[in-house]
Amino acid sequence: MRKQRGRPIMAAIFGFLTGLFGVITLMAFGIIPVDSFLVTLLPILLMIVAFALAMWAPIGASRAEPPPSPPMTEYDTL
Amino acid sequence: MRRSRAVALAGLVLTALVISAVPAGATVTGPCDGSATWPDAKPPIEVVASQLAPGEVVIIPLEGDVSWTGAIAIPPPSEARDTSGNVKVKVPFPVGTITVGTWATSGTKVDNSGTYEYEFPSILSGFEVTVTGEHWEGNLSQSGPPTCSGEVTLALEGTNPIGFIAGGLTVVSIMGVYLAIRVKGPAAGGSKR
């Protein structure tokens with residue numbers, strides 16, 4: 001059976017953007033200083049986490065096996 | 001169950017990272033001290049580096065005149081001696097620091113003062129910036145351990161509109177991540193390819 005998964009590349013891009021905009025938000029409200037290591041670390045960390053989650057794809061995975069397709073009806077053409 | 005534990009663990013790690021990133025505030029080592037006064041601010045602001053509490057962030061006006069002083073607690077020398085130093089602003093890795101000022105002179109002075117006029121754009125308000133300073137006695141080349149060093153965390157007053165825009169974009173990006181980590185195909189309610 002083929003492994004179900006999400007969209008890893010899209011997840012990595014959105015993970016990076018989440019980290020980038022997240023640290024800008026934290027810096028703009030003075031929660032972290034401009035020289036914080038989080039400014040570099042968080043976008044990369046979230047990119048890796050989102051990529052891994054998309055490979056794992058924990059959301060929307062079906063637990064039950066898909067129902068077997070009905071057997072092809074064979075016709076004798078002769 | 002295992003999935004909710006993983007999410008909780010990730011949340012704890014992120015919270016610990018944010019807490020550990022809280023600025024350390026002002027520190028001064030060596031026989032030096034400095035002060036800055038904003039007489040036109042309402043109310044007037046006076047900051048003495050050695051008297052700042054750990055973790056304290058100095059909020060300064062976006063523009064104005066600042067009167068500054070700097071001194072080293074040593075007996076005034078009878079002959080001119082070499083001194084040097086620098087002021088730097090810390091920025092994220094991989095840049096590290098940006099040097100905003102240096103000095104290298106010979107003289108007998110053990111203190112200095114002046115007034116500096118500045119103006120920052122409002123787009124920088126709210127950001128916390130760590131400024132460091134180092135001073136050397138006896139050399140012009142800033143070599144060896146400094147005689148004095150200090151560090152202070154500054155923030156420009158006001159609320160930054162960038163924070164709200166970036167906050168909205170963060171929410172949109174989180175939604176993008178959510179859609180991207182869902183399983184492709186009919187199991188997730190998506191389309192068949």
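Quick caveat: nothing in here was measured; it's all calculated off a predicted structure. Letters A, B, ... are given to chains in the order of the sequence lines, protein chains preceding strands, and every chain is numbered from 1. The figures that follow rest on heavy atoms only: side chains count, while hydrogens, waters and symmetry mates do not.
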Flag side-chain contact, heavy atom, 4.5 Å: B:V91 against A:D35: no
Toward chain A, the part of B:T97 with a non-hydrogen atom under 4.5 Å: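 Neither part, no heavy atoms under 4.5 Å.
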Going from [atom1] on [X] to [atom2] on [Y], what distance comes out if it is rounded to the nearest 0.5 angstrom?
X	Y	atom1	atom2	value
B:L179	A:R7	CG	CZ	8.5 Å
A:L17	B:I174	CG	CD1	11.5 Å
A:M10	B:I181	CE	CD1	12.5 Å
B:T170	A:I24	OG1	CD1	8.0 Å

Listing, residues 46-54 of chain A side-chain donor-acceptor contacts under 3.5 Å, not counting sequence neighbours, or none:
none

Do [X] and [Y] belong together in a cluster built from hydrophobic side chains that touch within less than 4.5 Å?
X	Y	result
A:I44	A:F14	no
B:V129	B:W68	yes
B:V100	B:V66	yes
B:W136	B:I72	no
B:V152	B:Y116	yes

B:Y118 atom OH: more than 12 heavy-atom contacts under 6.0 Å: yes
What heavy-atom pair brings [X] and [Y] nearest, and what distance separates the two atoms?
X	Y	answer
A:T25	B:G163	CG2-O, 3.7 Å
A:A11	B:V177	O-CG2, 4.2 Å
B:T130	A:P33	OG1-CB, 4.3 Å

Check: A:F29 ring centre within less than 6.0 Å of B:F127 ring centre: no
